[in-house]
Student: 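Once you've had a glance at the structure underneath, I'll fire off some questions.
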Amino acid sequence: MDFDRLPIDNLSFPIHETEETCTIFPETLSAFAAAAFDRLSFTFTHEHLEHFVSITRSTENSENDRRVASILLENAVIAAKGTYPLCQDTGIAQIFAWKDAAVCSGDEDEAWLSAGIEETYRKRNLRFSTTIPSSLFSEDDPQNNMPAQIMITATQSRSKPAYRFLFCAKGGGSSNKTSLVQATKALLEEKVFTDFLSRHIANLGTAACPPYTIAVIVGGLSPEQNILALKLATTGYFDQELPGWDYRVFGTKPLRDTEWEQKVMQIAAETGLGAQFGGKALAIAARVLRLPRHGASCPVSIGVSCAAHRNLHGYIDGTGVYLEHTENDPLAVPFLQEAVGCSQELAGKPLTLDLNAGIPALQAILSGIKPGTALLLSGDIIVARDAAHARWRSLLAQNERLPNYLEKHAIFYAGPARTPEGSITGSIGPTTAGRMDEYAEELMSRGAALITLAKGNRSETWRSACKTWGGTYLGTVGGAAALAAERNITASSIIDYTELGMEAVRLVTLKDLPAFVLINDRGQDFFNQTRENGTCR
């Protein structure tokens, strides 16, 4: 792991070190947090980029695997320019920190770190995703993505005093795939545990934007300790011995089982789900850790870090401020230029779909179309997601008509990042389709949501409604939001519910957005067929 020494200590708030203590001025913490969330929002580490490159170069992977990885690499190249963040869901800001007793920084570290985070989210046009409750069932948008999740653990200096950090931006899609099972010792048998993993890994689906880093934690002195270990494992925290890193919050350093990590990778490949549209590349890495446990309890958790793997280590000591290195020029990574170029070669001859043809015409074109068919989408489409759907349901509950734009246009489930000055849109990409499944009957029966675009698998509720009302569900690549903003959006305007912020209803114009048919009007489901047929080649 390589670290860059940041010039923060050259400002008017230096670090002061004696033989026994290290004094860090509060403003340094703010500047450090601001720099960290800026870096992780736009650039990847060399290792993460290499994972994507390896997918494109392996003939063991499906063409869709390789194409998705190529698109994600092109997205990384665009994001590294510093205008559009890697993903539209710039996430909840999280900091895990370990502060040696000999480090002096005042008693308001969380406030100073939060100030730096807020500055970056505001200045760099990152998305505000947080909502604040005003009652049990109502909530408001604070318009600053605050509060951040910050956990600071006191540690004892093992060498010279230091303040160590793990900075994370966690999107909702990957968080939603976290599962915790309170099992017993009966699970700790090879066949039983293999069957358990097979079920749960298949159920991850593709909605959280694979290729994933999958973590599995077995044991823990409490469910809370297990979940903390899971979170840290998905970030790579346990991957290597970093000087002074402290694992004592777990009582002992977790036992890592590399043999079972390979089994997890094999199980992920055998799902056939692949890197979003069938294949073997559901995962690029796995971590399996074992913790101590109470004899009567065996918590087991499974979680993922998505393709937008935004986790950076950093530390401050008497010599300066250090942040994990990322690639400002992804094209300098070996074979990455060739990997980006293979996307067009793998695209074949997709069907061009004019969204301005009108819903009846689109239904006729898409009727009976084979799931998995590649498309290029151009024309106008409505952008809306959870909050807008709740508003439409409220209209129906009051016996009011749905807005007429729903009868005219397909719906793209998305919530873009804020728009940089001079741009048409901020980073924009699909959100998880399944969250809107419960609206199937009430919308489709009224001529709305007959053509939808998002990511991930959907439920039997949606499949059945498509079959009844002639609907088609399309999927596009999750995690390529910077690329979509720069290449595939030619116009964007808010047309309803402005007060919802990133969840306002927009009308956007697409140009050649890559997509795939996932559920057709006969209820045939690409992901179900993929599971039935095994690994897609």
Side-chain angles (χ1 to χ4, degrees), residues 1-4 36 39-82 85-87 166-169 174 208-215 233-242 256 258 261-262 264-266 268-269 274-277 279-288 304-314 323-346 477-483:
M1 187 178 296
D2 297 325
F3 290 88
D4 298 324
R39 179 174 292 194
L40 64 79
S41 296
F42 293 89
T43 56
F44 283 138
T45 64
H46 187 95
E47 180 185 26
H48 194 61
L49 293 169
E50 283 185 325
H51 282 311
F52 291 151
V53 171
S54 68
I55 291 173
T56 68
R57 293 174 60 81
S58 173
T59 57
E60 290 294 310
N61 294 320
S62 71
E63 288 190 357
N64 283 351
D65 279 337
R66 296 163 65 199
R67 187 180 178 202
V68 168
S70 176
I71 289 171
L72 292 174
L73 286 169
E74 188 172 7
N75 183 74
V77 172
I78 291 172
K81 298 174 185 177
L86 288 156
C87 179
L166 174 59
F167 302 98
C168 312
S174 53
C209 298
Y212 299 134
T213 297
I214 301 176
T234 62
T235 70
Y237 177 76
F238 300 107
D239 287 7
Q240 51 194 305
E241 290 284 358
L242 296 171
R256 180 176 170 185
T258 56
E261 290 175 0
Q262 291 304 310
V264 167
M265 293 294 291
Q266 181 182 351
Q276 303 189 28
F277 300 107
K280 289 187 173 182
L282 181 68
I284 53 177
R287 297 293 177 265
V288 177
V304 302
S305 181
C306 65
H309 186 67
R310 296 164 298 184
N311 311 285
L312 290 182
H313 292 88
L323 185 60
E324 188 176 352
H325 177 76
T326 59
E327 294 292 345
N328 290 321
D329 180 14
L331 292 173
V333 175
F335 305 110
L336 194 144
Q337 178 75 68
E338 298 91 327
V340 168
C342 78
S343 173
Q344 293 303 317
E345 300 172 15
L346 296 168
V477 177
L483 174 61

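Computed from a prediction, not measured in an experiment: that's the story for all the values here.
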Student: Closest heavy-atom contact between H313 and F3?
Tutor: O-CE2, 3.6 Å
Student: Quick one: does Q276's side chain have a donor or acceptor within less than 3.5 Å of a partner on P210's backbone?
Tutor: yes
Student: Calculate, to the nearest 0.5 Å, the distance between atoms CG and OG1 belonging to L40 and T45 respectively.
Tutor: 11.0 Å
Student: Enter the distance from D2:CG to E47:CD here, rounded to the nearest 0.5 Å.
Tutor: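 The CD atom of E47 is 11.0 Å from CG of D2, to the nearest 0.5 Å.
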Student: On a heavy-atom basis, which atom in P211 and which in I284 lie closest, and how many Å separate them?
Tutor: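 Distance-wise, the nearest heavy atoms are CB-CG2, 3.4 Å.
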Student: Once rounded to the nearest 0.5 Å, what's the spacing between atom CD1 of I71 and atom CZ of R66?
Tutor: 13.0 Å
Student: State, to 0.1 Å, how close L312 and A36 come at their nearest heavy-atom pair, and which atoms those are.
Tutor: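 Result for this residue pair: CD1-O, 4.0 Å.
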Student: Any carboxylate oxygen within less than 4.0 angstrom of a Lys/Arg side-chain nitrogen, looking at E261 and R256?
Tutor: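 Salt bridge between E261 and R256, a charged N being under 4.0 Å from a carboxylate O: yes.
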Student: Report the C-alpha separation of T56 and V340 in whole Å, then their side-chain angles, then the decisive distance to 0.1 Å, and conclude whether the side-chain contact (heavy atoms from CB on, under 4.5 Å) test is met.
Tutor: CA-CA 9 Å; T56 68; V340 168; over 6 Å; no
Student: Taking the side chain as C-beta and beyond, is there a heavy-atom pair between F238 and R287 under 4.5 Å?
Tutor: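 No, every pair of side-chain atoms sits at 4.5 Å or beyond.
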Student: Quick check: do N75 and L86 have side-chain heavy atoms less than 4.5 Å from each other?
Tutor: yes
Student: Tell me, please, which residues at least two apart from N328 pass side-chain contact (heavy atoms from CB on, under 4.5 Å).
Tutor: T43
Student: Hey, what do you get for OG (S62) to CZ (R67), rounding to the nearest 0.5 Å?
Tutor: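 Rounded to the nearest 0.5 Å, the OG-CZ separation comes to 11.5 Å.
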Student: Any idea which heavy atoms bring A208 and S174 closest together, and the distance?
Tutor: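 The pair with the smallest heavy-atom distance is CB-CA, 3.7 Å.
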Student: Does atom CD (E50) have a neighbourhood of more than 12 heavy atoms from anything else shown, all under 6.0 Å?
Tutor: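 Yes, CD of E50 has more than 12 neighbouring heavy atoms, counting only those of other groups under 6.0 Å.
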Student: Give the intermediate values and the outcome of side-chain contact (heavy atoms from CB on, under 4.5 Å) for residues L323 and D4.
Tutor: CA-CA 5 Å; L323 185 60; D4 298 324; 5.5 Å; no
Student: Describe, in one word, how the ring planes of F44 and F52 are oriented to each other, choosing from parallel (under 30°), tilted (30 to 60°) and perpendicular (over 60°).
Tutor: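 The rings of F44 and F52 stand perpendicular, inter-plane angle above 60°.
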Student: How long is the straight-line distance from CZ of R310 back to OG1 of T326, given to the nearest 0.5 Å?
Tutor: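 Those atoms lie 13.5 Å apart.
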Student: A339 and C342: which non-hydrogen atoms are nearest, and at how many Å?
Tutor: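 Scanning both residues, the minimum pair turns out to be O-SG, 3.1 Å.
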Student: Without swapping roles, check the side chain of D65 against the backbone of K280 for a donor-acceptor pair under 3.5 Å.
Tutor: yes
Student: Quick one: does H325's side chain get under 4.5 Å of H46's, heavy atoms only?
Tutor: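 No. Closest side-chain heavy atoms not under 4.5 Å.
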Student: What pairs with E327 under salt bridge (Lys or Arg N to Asp or Glu O under 4.0 Å), at least two apart in sequence or on another chain?
Tutor: none
Student: Kindly indicate whether the side chain of V68, heavy atoms from C-beta on, has any atom under 4.5 Å from the side chain of I55.
Tutor: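 The answer is no; the side chains never approach within 4.5 Å.
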Student: Tell me whether H309 contacts the main-chain N or O of Y212 through its side chain, where contact means a donor paired with an acceptor under 3.5 Å.
Tutor: no
Student: Quick check: closest heavy atoms across P85 and A482, and the distance to 0.1 Å?
Tutor: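 Looking at all heavy atoms of both residues, the shortest contact is O-CB, 3.5 Å.
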Student: If you round to the nearest 0.5 Å, how far is CG of N311 from CD of E324?
Tutor: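 If I round to the nearest 0.5 Å, the distance is 8.5 Å.
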